[in-house]
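Everything below concerns the one structure shown next.
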Amino acid sequence: MPIIRVALNVPVDTLFDYQAEDASQHDIGLRACVPFGKKQVTGIILAVSDETQIPVEKLKSAYCIFREIKPLPAALLDLFHFCSQYYHHPLGMVIMNGLPVKLRNNKPVSLKRKPHQYQYSLTSAGKNVELTQIPARNRVARRLLNEFQQAVTLTNPQIKHISPRAEKLLQDWIQLGWITSELCSASTAARVAKTPVLTAEQEIAVNAITAGGKQFNTWLLHGVTGSGKTEVYLRIIESVLAQGRQALVLIPEISLTPQLEGVFRGRFSNVPLVSLHSGLNDTERLTGWLQAESGEAKIILGTRLAVFTPLSDLGVIIVDEEQDSSFKQQDGLRYSARDLAIFRARQNAIPVILGSATPSLESYYNALTNRYRHIRLLSRAVQNATLPLIQCIDTRIHKNQEGLSDPLIQALNQCLQEKHQSLIFINRRGYAPVLLCKSCGWTAPCQRCSSRLVVHLRDKKLRCHHCGHQEQFPRACPQCGNQDIAPFGQGTQRVEETLTAHFPAARILRIDRDSTRRKHAWQEILHAVHTHQVDILIGTQLLSKGHDFPNLSLVGILNADGALYSTDFRASERLFAQLMQVAGRAGRANVAGHVLIQTEFPDHPLYQALQRHDYDALAQTLLAERKIAGFPPYVYQALLRAEAHHIKTVLDFLAQAAQLARPPQAVELFDPVPAHMSRLKGLERAHLLVQSSSRKHLHTFLTGWYAKITTLPSQKVRWVLDVDPLEF
DNA sequence: AGCACGCCGACT
DNA sequence: GTCGGCGTGCTC
């Protein structure tokens, strides 16, 4: 009797063997429903064999093998394998995490007739029907008929949009002979709508990438805001579609998928496009997945999860805003969709394009060292668009009143009078407090690993959250002797109230987690902004993502300094990218943009580079710092993260784990340290850093170490290995 | 992850 | 004398 080896969604890194009389090698990649303990579960068949190591009395029989859809392609299984090994996560969990929910159930999937496929139009009989023949109270019918008279042909989604009841009505009308249906022509030839003329730079980029053809290459498409990266993507996709192949486009989480989707649909109106984002229900997601797998969908647009979509004939992968941290999953399987995209591109021998105005230092470094091909877009594609003027307000000179300085208030006032919109951006990420000398800018460094020490007021100590070193508070600044050293403050609350007090007539809208939680809140907010029902916007992170606010001319930035002296070595990089993005919000179309940054350190290299829009200057500075400090991209890191109800449990666990390790010379193992947000949801969190200048050595070490940690008594500690961690 | 088995405190 | 606490260990 054949044995199937099944990957299940359980946190044990092993396959489970079952008898299956009807199994054959062709079933690898199919779903199987099997008994597991007292339950029945569904997993993926990864091997079929005649023998098993499992004693016969333990071996059970599979209930069934689902054959209603094709097996997962071998390339996708390879991707899951790689992901499991690289991120040290059980294979079964990796696979089940990557599949649509409907494929994880113990049920065969029902293949409904696909939407999109038919288009409907009025027959000559239908054209004779007058609107007045339909009773006025039958509003859905009237609207449907009206739509048909206006639009001539309609598709299922469009009809559904009129009313959920309209589809039922449609069937009735087909019976009456009013409506005919015909198959949509799924033409893969890109019918190109209005195509802008490429700039010389864009043309060079497109030619270079398309000339590479069916060959693996990682391209860093590095273009300033407004340089027209999207147009480059569109041209490359066009050429891929012309070969009948598919394009996978990955975008950050909050970057408002519909907006980009609109651009793609507008340009490739006849090309089947599937959009995979968090707003889909299980059925929609499965449908999209199946369309991608069959090759029916030609463009797949989605967030990080879309990197696991099966694609029968992939021609290019695009990762837009590649520096965005939402490409890295921050819980469970901590994968980077950007890095997996590169793996897939290599696997398929196709180009992958990483696009950004402010690349991650890792990607920039890879471009400098020729591991990636670097393409620059230095000029703006949009006519008349000029870069915004970025200036600093020195808050040591201009006193803050409740967080707002005089020059900023004046600028806001002027903006209001000119009837332009303004935006106040508050940088409110929770940075750990560091010790700072106000007179010379000195901060307490860690001697052992060149990161900054964190102030722990409770026991008056300084601690390194990187290596675990700790020391006493100094009495005075060791650099200049000043006694005025203090933890770096946060402050800046109540900005909205202050603004209201200053500008009682202005319409102020505050955007935060709460105000955007409601389903269509974003749409309403954007609408309000676009129709100029708002004068001043206040917001945080959420606002920096790529929305177009055509009337916005002033951006004020508060509280940015925290990132300059953060213990997170990536904080500067992120701040720069974020401020560049926020600055890009100002003055897009015909309004000149002005950006004012309130800071105590106007001479800081970050602000200097920002004012000159000079990414390279900052990147070079940061890379030099990273090299000296021994931080990525010069080393590869992994983090053993653990959490439990009591901090001692966590630290003991980590200490035990460290005991198990016998790191080779090339690999460095640090002491356990409490995590940045050491208390989250009532759990205490801590971690232990491992790093090496050799990715290979680090990986080999992790594999052995992971196996040993698994054998530890778990003592109610939850732990994960985070490979290439972004947050500490 | 579930879900059992299993050994010690407050209840009818 | 039981009911139930959640610590440990297995699931093919």
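Note that this is a predicted model, so its numbers are computed, not measured. Note on naming: letters A, B, ... go to the chains in the order of the sequence lines (proteins, then strands), and numbering restarts at 1 for each one.
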Quiz item: For A/Arg641, which residues count as a side chain to side chain donor-acceptor pair (under 3.5 Å) partner, sequence neighbours excluded?
Solution: A/Asp722

Could you pull out all donor-acceptor pairs under 3.5 Å where a side-chain atom in residues 100-107 of chain A meets a protein atom, sequence neighbours excluded?
{"residue": "A/Arg104", "atom": "NE", "partner": "A/Met96", "partner atom": "O", "Å": "2.8"}
{"residue": "A/Arg104", "atom": "NE", "partner": "A/Leu99", "partner atom": "O", "Å": "3.1"}
{"residue": "A/Arg104", "atom": "NH2", "partner": "A/Leu99", "partner atom": "O", "Å": "3.0"}
{"residue": "A/Asn106", "atom": "OD1", "partner": "A/Thr42", "partner atom": "N", "Å": "3.1"}
{"residue": "A/Asn106", "atom": "OD1", "partner": "A/Thr42", "partner atom": "OG1", "Å": "2.7"}
{"residue": "A/Asn106", "atom": "ND2", "partner": "A/Gln40", "partner atom": "O", "Å": "2.9"}

Exercise. Using heavy atoms and a sub-4.0 Å distance, could you list which residues of residues 39-50 of chain A are near DNA chain B? By number, please.
Key: A/Lys39

Exercise. Name all residues meeting the salt bridge (charged side-chain N to carboxylate O under 4.0 Å, His left out) criterion together with A/Asp313; count only those two or more places apart in sequence or in a different chain, and write none if there are none.
Key: A/Arg245

Quiz item: Taking atom P of C/dC10 as reference, at what distance in whole Å does atom CG of A/Asp17 sit?
Solution: 18 Å

Quiz item: ring pair (Phe, Tyr, Trp, His ring centres under 6.0 Å): which pairs involve residues 39-69 of chain A, sequence neighbours left out?
Solution: none

Self-check item: side chain to side chain donor-acceptor pair (under 3.5 Å) partners of A/Thr710, counting only residues at least two apart
Solution: none

Exercise. Kindly state which residues belonging to residues 78-106 of chain A come within less than 4.0 angstrom of DNA chain B, counting heavy atoms of the residue only, listed by number.
Key: none

Self-check item: Which residues share a side chain to side chain donor-acceptor pair (under 3.5 Å) with A/Glu668, sequence neighbours left out
Solution: none

Using distance only, find each side-chain donor-acceptor pair of residues 51-60 of chain A under 3.5 Å and give its atom names and separation, not counting sequence neighbours.
{"residue": "A/Thr52", "atom": "OG1", "partner": "A/Asp17", "partner atom": "OD2", "Å": "2.6"}
{"residue": "A/Thr52", "atom": "OG1", "partner": "A/Ile54", "partner atom": "N", "Å": "3.0"}

Quiz item: Which part of the nucleic acid, if any, lies within reach of A/Phe36 when heavy atoms closer than 4.0 Å are counted: base, sugar-phosphate only, or nothing?
Solution: base

Taking N or O atoms only and anything under 3.5 Å, show me the protein contacts with nucleotides 4-6 of chain B, one pair per line.
none

Exercise. Applying side chain to side chain donor-acceptor pair (under 3.5 Å), name anything that partners A/His697, two or more places apart in sequence or on another chain.
Key: A/Ser694

Exercise. Sequence neighbours left out, what passes salt bridge (charged side-chain N to carboxylate O under 4.0 Å, His left out) with A/Glu362? Give chain and number order.
Key: A/Arg570

Quiz item: Charged N to carboxylate O under 4.0 angstrom, A/Arg67 versus A/Asp22?
Solution: yes

Quiz item: When all nucleic acid strands are considered with a 4.0 Å heavy-atom cut-off, which category describes A/Ile54: base, sugar-phosphate, or nothing?
Solution: base

Quiz item: Rounded to the Å, how far apart are A/Glu57 CD and C/dC12 P?
Solution: 12 Å

